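Below is one structure, written out as structure tokens, with a few remarks after it.
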Amino acid sequence: MTTRKLAREFYTHPDVLTVARRLLGQVLVVPARNGTRVAGIIVETEAYRGPQDRASHAYGGRRTMRTETMYRIGGTAYVYLIYGRYHQFNVVTGVEEVPHAVLVRALEPLQGIRRMRDRRRGTSAHDLTNGPGKLCMALGVDGRLDGADLIGDRVWIEGGARQISPAAIACGPRIGIDYAGAYVGKRWRLCVRDEPAVSGRR
DNA sequence: CGCAGGATGGGCT
DNA sequence: GCCCATCCTGCGG
């Protein structure tokens, strides 16, 4: 497989929606023991667009210990705990001090599938990574990876695995943000059409 | 199959 | 003290 770790410039693009779109088809990788890897192709993302976005943790420019990661440079991992039990993996985008992020909502399992099944014992083979909490469990992502540099070697994203044409991308409203007022209807959830691994509906 | 409800803990008002 | 960028279980059709 001829893929390569995405460089800083991929993440520092000024438009978070563009980065969310370009992330589709790229490979999220977490290294395991003995040089092996657990990895999946990104098939669903959601953009969280700066301080104006009411659905964002950084809405209104809010800065707390948790959200501080969102203000770092594009190419930083933002991982947080949700509902007391699950983690969410996000990619910070853009320049420092401007809180853009992309939530990775679903993967198509690619490597380390046995390890994924071990971590997701009790669920069926097709439910390994089709949701933002599920993929974190399958890859072993937790709060320790918050703030990790995606140009580093703890977690990263590789390009070139699959080309997704614009026509193959579907968009719809984001999930679980009913409190977000005028931003509830923004179609900032992106997914690969006809991809069985996406979460929820098309 | 679909849907209702519970789990569970850090962050924020 | 309430709110989550969720998932799983159990129950009914």
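Throughout, a chain's letter reflects where its sequence line sits, starting with A, and its residues are numbered from 1. Because the structure is predicted, anything quoted here is derived from the model rather than measured.
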Subject >> DNA chain B: stems of at least 3 consecutive Watson-Crick or G-U pairs whose donor-acceptor distances fall under 3.5 Å >> reply: B:1-7 with C:6-12, B:9-12 with C:1-4
Original post:
Which nucleotide in the list C/dC8, C/dC7, C/dC4 gets nearest to the side chain of A/Tyr83?
Top reply: C/dC4
Original post:
Hey, does A/Gly133 reach any base, or is it just sugar-phosphate, or nothing, if we go heavy atoms under 4.0 Å?
Top reply: sugar-phosphate
Original post:
With nearest nucleotides of DNA chain C determined for A/Ser56 and A/Asp127 from heavy-atom distances, which residue corresponds to the more 5′ nucleotide?
Top reply: A/Ser56
Subject >> Distance test, side-chain N/O of A/Arg120 to OP1/OP2 of C/dC8, below 4.0 Å >> reply: yes
**OP:** Would you mind telling me which of C/dT6, C/dC8, C/dA5 lies closest to the side-chain atoms of A/Tyr86?
**Re:** C/dT6
**OP:** May I ask you to say what A/Ile177 touches in the nucleic acid, namely base, sugar-phosphate or nothing, with a heavy-atom cut-off under 4.0 Å?
**Re:** sugar-phosphate
Original post:
Which whole-number value in Å describes the distance from A/Tyr179 OH to C/dA5 C1'?
Top reply: 6 Å
**OP:** Scan A/Arg174 against the nucleic acid and name what it touches under 4.0 Å (heavy atoms): base, sugar-phosphate only, or nothing.
**Re:** nothing
Original post:
With a non-hydrogen cut-off below 4.0 angstrom, is A/Arg54 in contact with a base, only sugar-phosphate, or nothing?
Top reply: nothing
Original post:
If you walk 5' to 3' along DNA chain B, what is the first nucleotide with an atom under 4.0 Å of a heavy atom in chain A, and what is the last?
Top reply: B/dA7 to B/dT13
Subject >> N-O pairing of A/Asp146 and A/Arg72 below 4.0 Å >> reply: no
Original post:
Should the pair A/Glu158-A/Lys5 be classified as a salt bridge under the 4.0 Å nitrogen-to-oxygen rule?
Top reply: no
Subject >> Salt-bridge contact A/Asp149-A/Arg8 (side-chain N to carboxylate O under 4.0 Å) >> reply: yes
